[in-house]
Amino acid sequence: MTRPRLHLVHGPTPLVKPERLAASLGLDLWVKRDDMTGGAEAGNKLRKLEFLLAEAKAQGADVVITCGGIQSNHARATALAAAALGVRALLFLRTTGAVDAPLPLGGNVLLDRMVGAEVRLITPAMYRERARVMADAARELEAKGARPYVIPEGGSNGLGALGYVEAMAEVRAQLDVGAALGAPFDAIVHACGSGGTAAGVVLGAGLHRVAKRVYAMAVCDDAPTFEAVIARVVAEAQALEPSLDRAADLVVDDGAKGPAYAVSTPEQRRVMIDATRASGLV
Ligand SMILES: *Cc1c(COP(=O)(O)O)cnc(C)c1O
């Protein structure tokens, strides 16, 4: 791939076997540590931003506009990476509280504020119209002489998904030097919130023979919704890179999500704690 790309990810991220957790589950379990793509900006979103922010820079953008939940990882990664590039960030963050309430002094939104991102709180109803809200903001900024670049929720479009095609190339290189004895995995399992990771993983896992099947565990919407979202992002990525012509099998599983986004049951918290205690992974 020769399209513009920034180097934001501190890669390759480790591919590790959590021995005690794997033994307790009776699985040959490996973990790709994409929580370690960077510092405070780390996480899966940084891989997508390598392509998205490169395009923004190439277009001469001086402000990036994006959206997410109030404590969005994607918004935080975008705000921090944009600050490093000297690009302003405008974040539309969804709240169930009042849109004129004081902003929280903790978590991701504190980091957003520290780097000087402009935060505008919006209601869940407005958030459903997020594409229009961001397009309107872009037009307003353009009228004032700025050069805005809009990044969709989660950085999940075809261009952003290419970051996870690259991640699968990274795993292939790790397999080739002996991780998991070099053989492809039976399955990759990952959390799915806006679909871009799933799209990149199925395309990259197929292209680089990293796994036959991908389980995208829905964290918010149901399986049919995500199947449609992921299919759209896959098609966008294939339009950008026609060589991405063999996708791994995709299973969207919505059977493990909590009662609502960012809300978990006692049983789910028990599983998380047990996994953390058996692995040291948080
Ligand atoms: C965003 C996010 C995901 C989901 O990735 P999508 O590409 O949005 O589906 C999973 N895990 C974490 C920690 C995330 O921040």
Side-chain angles (χ1 to χ4, degrees), residues 8-9 13 31-53 66-81 91-94 107-109 111-112 127 130-131 134 150-168 171 188-205 214-237 247-248 250-254 256-258 260-264 268 271-272 275-276 279 281-282:
L8 306 175
V9 172
T13 57
V31 177
K32 178 68 169 161
R33 294 293 307 273
D34 265 16
D35 55 320
M36 295 174 69
T37 54
E41 76 285 17
N44 66 333
K45 305 308 182 301
L46 213 49
R47 292 198 186 268
K48 311 180 198 184
L49 290 169
E50 288 198 338
F51 289 96
L52 295 163
L53 289 176
T66 196
C67 64
I70 178 86
Q71 293 290 5
S72 164
N73 287 333
H74 164 69
R76 177 254 306 155
T78 304
L80 293 171
L91 311 175
F92 286 96
L93 303 183
R94 182 188 61 230
N108 286 331
V109 77
L111 298 174
D112 300 339
Y127 192 81
R130 57 195 173 273
M134 293 194 290
V150 175
I151 297 178
E153 178 189 54
S156 288
N157 59 15
L159 185 61
L162 298 183
Y164 266 85
V165 175
E166 291 297 306
M168 292 301 104
V171 175
I188 295 173
V189 183
H190 73 91
C192 177
S194 65
T197 300
V201 168
V202 292
L203 290 171
V214 176
Y215 290 87
M217 306 302 298
V219 304
C220 39
D221 293 303
D222 60 16
T225 304
F226 271 124
E227 281 158 8
V229 169
I230 296 164
R232 176 180 54 74
V233 181
V234 162
E236 282 177 16
L250 172 68
V251 179
V252 179
D253 186 334
D254 61 10
K257 68 190 170 85
Y261 178 72
V263 181
S264 53
Q268 288 174 319
V271 170
M272 268 167 52
T276 296
S279 64
L281 296 171
V282 178

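This is a predicted model, so every value here is computed, not measured. We count ligands from 1, going down the list as the structure has it; atoms in each ligand are counted the same way. Positions are given from 1 along the sequence.
Judged by the shortest distance from any of its heavy atoms, Lys45 lies inside the 4.0 Å radius around the atoms of ligand 1.
Looking only at heavy atoms of the protein, atom 8 (O) of ligand 1 is closest to Ser194 OG, 2.6 Å.
For the pair Glu41 and Leu8, the minimum side-chain heavy-atom distance is 4.5 Å or more.
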Going through the distances and angles, do Asp222 and Thr225 end up as a side chain to side chain donor-acceptor pair (under 3.5 Å)?
CA-CA 6 Å; Asp222 60 16; Thr225 304; 2.5 Å; yes
Check step by step if side chain to side chain donor-acceptor pair (under 3.5 Å) holds for Thr66 and His74.
CA-CA 9 Å; Thr66 196; His74 164 69; 2.8 Å; yes
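Closest of all the heavy-atom pairs between Ala161 and Val233 is CB-CG1, 3.9 Å. The minimum heavy-atom distance between Phe226 and Cys220, with the atom names listed, is CZ-SG, 3.7 Å. Residue Leu162 comes nearest to Ala237 through the heavy atom pair CD2-CB, 4.3 Å, listed as atom of the first residue, atom of the second, then distance.
Considering backbone and side-chain N/O of Cys192, none are found under 3.5 Å from N/O of ligand 1. For the pair Gly154 and ligand 1, the shortest N or O to N or O distance does not fall below 3.5 Å.
Counting only non-hydrogen atoms, the option in Cys220, Ala191, Gly196 that gets closest to atom 11 (N) of ligand 1 is Ala191.
With rounding to the nearest 0.5 angstrom, the CZ atom of Arg130 is 13.0 Å from the CZ atom of Phe92. The line from CG of Asp35 to CG of Asn44 is 10.0 Å long, rounded to the nearest 0.5 Å.
With a 4.0 Å heavy-atom cut-off, ligand 1 is reached by the side chain of Asn73 but not by its N, CA, C or O. Residue contacts with ligand 1 for His190 are absent, since no atom lies close enough (heavy atoms, distance under 4.0 Å). At a 4.0 Å heavy-atom cut-off, ligand 1 touches Asn44 through the side chain alone.
For ligand 1, the atoms sitting less than 4.0 Å from at least one non-hydrogen atom of Gly195 are 6 (P), 9 (O), numbered in the order shown with element in parentheses. Each of the following atoms of ligand 1 lies closer than 4.0 Å to a heavy atom of Lys48: 6 (P), 7 (O), 8 (O). Proximity to Ser156 (heavy-atom distance under 4.0 Å) selects the following atoms of ligand 1: 7 (O).
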